[in-house]
Trainee: 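Take this structure, written in structure tokens, and hold onto it; I'll ask about it next.
From a predicted model like this one, the values you see are computed outputs, not experimental measurements.
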Amino acid sequence: MPKYRIIVDLSDRMLHLLDRDIVVSSYPVAIGSLAAATPSGRFTIINKAPNPGGPFGAYWLGLSKPHYGIHGTNDPSSIGNRVSHGCIRMYNRDVVELAGKVPIGTEVVIRP
């Protein structure tokens, strides 16, 4: 059975899905603007919601840091940029794929 964890590298704006210590998928992401930087640290996924509405795209993965999450976007041109209010944005197809693989409780490490 897979043992997933997520590593988000803010410096290269990539999210990596690992099964134990092996990277199995990597996705480009948008991160927080300079004024609303994405926090670094260790968190967990505490909830999942398909089609959350608003600017959150096709899926929301809520983090243990209140008000922060990994989510889709209704603005795909934002991926790769520093534009969010601190959340991690993904292409909708990527966040749906990720959400289908990771359970609630998955560790998320966000590093500078």
Side-chain angles (χ1 to χ4, degrees):
M1 176 152 181
K3 172 70 171 128
Y4 290 124
R5 71 185 166 112
I6 293 169
I7 296 177
V8 178
D9 276 316
L10 299 176
S11 61
D12 64 2
R13 299 177 192 146
M14 292 293 292
L15 181 151
H16 307 285
L17 177 63
L18 288 79
D19 181 354
R20 293 174 177 79
D21 290 324
I22 299 169
V23 176
V24 293
S25 300
S26 293
Y27 308 96
V29 297
I31 62 173
S33 66
L34 291 174
T38 300
S40 56
R42 293 183 177 273
F43 310 100
T44 56
I45 294 174
I46 61 166
N47 58 42
K48 297 166 63 170
N51 302 308
F56 304 114
Y59 226 101
W60 168 266
L61 301 171
L63 297 180
S64 54
K65 182 166 182 71
H67 312 293
Y68 288 88
I70 300 168
H71 62 80
T73 182
N74 57 7
D75 181 9
S77 68
S78 70
I79 301 301
N81 298 302
R82 292 188 67 119
V83 294
S84 79
H85 292 111
C87 288
I88 297 153
R89 290 186 195 172
M90 301 178 71
Y91 289 117
N92 284 323
R93 68 179 178 272
D94 292 347
V95 76
V96 168
E97 180 179 300
L98 181 67
K101 292 179 178 178
V102 297
I104 290 173
T106 298
E107 180 183 39
V108 178
V109 177
I110 302 174
R111 57 189 188 196

Trainee: Return the CZ to CG distance between Arg89 and Asn74, rounded to the nearest 0.5 Å.
Mentor: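 If we round to the nearest 0.5 Å, Arg89:CZ and Asn74:CG are 7.5 Å apart.
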Trainee: Can you tell me how far apart CG (Leu63) and CD1 (Ile45) are? Round to the nearest 0.5 Å.
Mentor: 6.5 Å
Trainee: Using modelled atom types only, decide if a donor and an acceptor are shared between the side chain of Thr38 and the backbone of Gly32 within a distance under 3.5 Å.
Mentor: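 Yes; at least one donor-acceptor contact below 3.5 Å.
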Trainee: Measure from the side-chain N and O atoms of Asp19 to the backbone N and O of Tyr4, and report whether any donor-acceptor pair falls under 3.5 Å.
Mentor: no
Trainee: Any side-chain to backbone donor/acceptor pair from Ser33 onto Arg82? Under 3.5 Å, distance only.
Mentor: no
Trainee: Mind checking what makes ring-ring contact (aromatic ring centres under 6.0 Å, His included) contact with Phe56, not counting sequence neighbours?
Mentor: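 For Phe56, the residues satisfying ring-ring contact (aromatic ring centres under 6.0 Å, His included) (neighbours in sequence not counted) are Trp60, His71.
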Trainee: Nearest heavy-atom pair of Ser26 and Met14: which atoms, and what distance?
Mentor: CB-CE, 3.8 Å
Trainee: Nearest 0.5 Å, please: how far is NE2 in His16 from CG in Asp9?
Mentor: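 Going from the CG atom of Asp9 to the NE2 atom of His16 covers 4.5 Å.
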Trainee: Considering all heavy atoms of both residues, which atom of Asp94 and which atom of Pro28 are nearest to each other, and what is their separation?
Mentor: OD2-CD, 4.1 Å
Trainee: Is Lys101 salt-bridged to Glu97, going by a charged N under 4.0 Å from an acidic O?
Mentor: yes
Trainee: Hey, what do you get for CZ (Arg5) to OG1 (Thr44), rounding to the nearest 0.5 Å?
Mentor: 14.5 Å
Trainee: To the nearest 0.5 Å, how far apart are OG1 in Thr106 and CD1 in Ile46?
Mentor: 12.5 Å
Trainee: Is a donor on one side and an acceptor on the other found under 3.5 Å between the side chain of Asn47 and the backbone of Leu61?
Mentor: no
Trainee: Going by atom types only, do Ser77 and Asp75 share a side-chain donor-acceptor pair under 3.5 Å?
Mentor: yes
Trainee: Tell me whether Asn92 contacts the main-chain N or O of Gly57 through its side chain, where contact means a donor paired with an acceptor under 3.5 Å.
Mentor: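 The answer is no, because no donor-acceptor pair under 3.5 Å joins these two groups.
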Trainee: Would a distance-only check, ignoring hydrogens and angles, find a side-chain to backbone donor-acceptor pair under 3.5 Å from Ser64 to Phe43?
Mentor: no
